[in-house]
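Notes follow the structure.
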Amino acid sequence: MLGSMNRPALRPAGVLLAVGVALLSLAADAATKAWALSALRHGHRITPAWGLVRLQLVANHGAAFGIGASYEPLIVAVSFAGVILLGLWALYPTSGAERFGAALAAGGAAGNLADRLARPPGRLHGAVIDWIHVSFYGPTFNLADVWLRGGIVLAAAGWLWSRRSRAPERGPDTE
């Protein structure tokens with residue numbers, strides 16, 4: 001019975017916040033990928049921060065760590081479902097941190113999905129543009145990956161924190 005579910009009400013201010021955060025994270029990802037495509041083409045690399053970070057252009061046809069590169073249409077379908085689910089999570093959170101994190105993650109997922117749909121060769125086979133490589137972390141990644149992973153961690157922490165603060169108090173004679 002969907003009507004009897006205990007679901008928080010959808011508030012216009014919350015919707016605007018979630019949409020705004022998702023769109024800003026998507027725009028920041030698109031802008032940094034555009035910069036990377038122009039500044040790092042033809043194998044050009046930039047190594048700031050004493051060699052800790054290297055900026056290099058990588059076209060990733062797979063999912064995380066390049067896994068599933070030959071299953072691009074399936075990755076697109078899963079990515080689309082992820083954007084929808086993260087967006088719904090952002091619309092029906094139990095805390096502000098949960099809303100912000102889920103919206104951030106939805107924007108990151110949408111950024112990578114946009115690459116898969118629009119980048120060459122296109123039609124569900126586009127490559128995600130990765131451009132950040134950290135010396136102590138194997139794969140090259142992009143800002144959308146940071147938003148996606150960081151947003152999920154923040155949303156999960158917000159969800160767990162809201163559960164902690166609503167836990168029933170136990171009396172001294174209960175164990």
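Heads up: numbering here begins at 1 and tracks the sequence.
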* Asked: Hey, any chance Val146 and Val134 share a hydrophobic cluster, counting ILVMFWY side chains that come within less than 4.5 Å of each other, even indirectly?
  -> yes
* **Sequence-distant partners of Asp115, side chain to side chain donor-acceptor pair (under 3.5 Å), two or more places apart** => Lys33, Arg119
* Judged by modelled atom types alone, do Ser95 and Ser162 share a side-chain donor-acceptor pair under 3.5 Å? -> no
* Measure the CG-CD1 distance between Leu86 and Ile152 for me, rounded to the nearest 0.5 Å. => 5.5 Å
* Looking only at heavy atoms, which two atoms of Ala36 and Leu57 are closest? And how far apart? -> O-CD1, 4.0 Å
* To do: Please step through side-chain contact (heavy atoms from CB on, under 4.5 Å) for the pair Arg116 and Ser79, ending with a clear verdict.
  => CA-CA 9 Å; Arg116 293 183 191 290; Ser79 297; 4.0 Å; yes
* **Joint cluster assignment, Leu40 & Val58, ILVMFWY side-chain distance < 4.5 Å** => no
* Mind checking whether Val83 and Phe80 have side chains closer than 4.5 Å, heavy atoms only? -> no
* Structure fact -> Closest non-hydrogen contact found for Gly138 with His133 is O-CE1, 2.8 Å
* So which heavy atom on Ala18 is nearest to which on Leu91, and how close? -> CB-CD2, 4.4 Å
* Side-chain heavy atoms of Ile132 within contact of Asp145, under 4.5 Å -> no
* Ile84 with Val76, same ILVMFWY side-chain cluster at under 4.5 Å -> yes
* To do: Tell me whether Leu85 is reachable from Trp147 by hopping between hydrophobic residues (I, L, V, M, F, W, Y) whose side-chain heavy atoms are closer than 4.5 Å.
  => no
* Atom CG in Asp130, atom CG in Asn112: separation rounded to 0.5 Å? -> 7.0 Å
* With the side chain counted from C-beta on, respond yes when Thr32 and Asn142 share a heavy-atom pair under 4.5 Å apart, and no when they do not. => no
* If you group Ile, Leu, Val, Met, Phe, Trp and Tyr whenever their side-chain heavy atoms sit less than 4.5 Å apart, what else falls in with Val78? -> Tyr71, Leu74
* Step-by-step side-chain contact (heavy atoms from CB on, under 4.5 Å) determination, Ile46 to Arg54 -> CA-CA 6 Å; Ile46 300 172; Arg54 182 176 64 233; over 6 Å; no
* Structure fact -> Partner of Val21 under side chain to side chain contact (heavy atoms under 4.5 Å, CB included), picked from Leu17, Leu23, Val19, is Leu17
* If only atom types and distance count, is the side chain of Arg99 paired as donor or acceptor with the main-chain N or O of Gly14 below 3.5 Å? -> yes
* To do: With sequence neighbours left out, write down each residue that passes side chain to side chain donor-acceptor pair (under 3.5 Å) with Trp131, or none if nothing qualifies.
  => none
* **Closest approach of His61 to Pro120 (non-hydrogen atoms, all atoms of both residues)** => CE1-O, 4.5 Å
* Asked: Is there a side-chain contact between Arg164 and Leu160 (heavy atoms, below 4.5 Å)?
  -> no
* Compare every heavy atom of Ala90 with every heavy atom of Ala103, then report the nearest pair and how far apart it is. => N-CB, 3.6 Å
* Under 4.5 Å between side-chain heavy atoms, hopping through other hydrophobics if needed: is there a path connecting Phe141 to Val128? -> no
* **Ser38 backbone acceptor or donor facing Arg41 side chain under 3.5 Å** => yes
* To do: Quick one: closest heavy-atom pair of Ala63 and Ile75, and the distance?
  => N-CD1, 3.6 Å
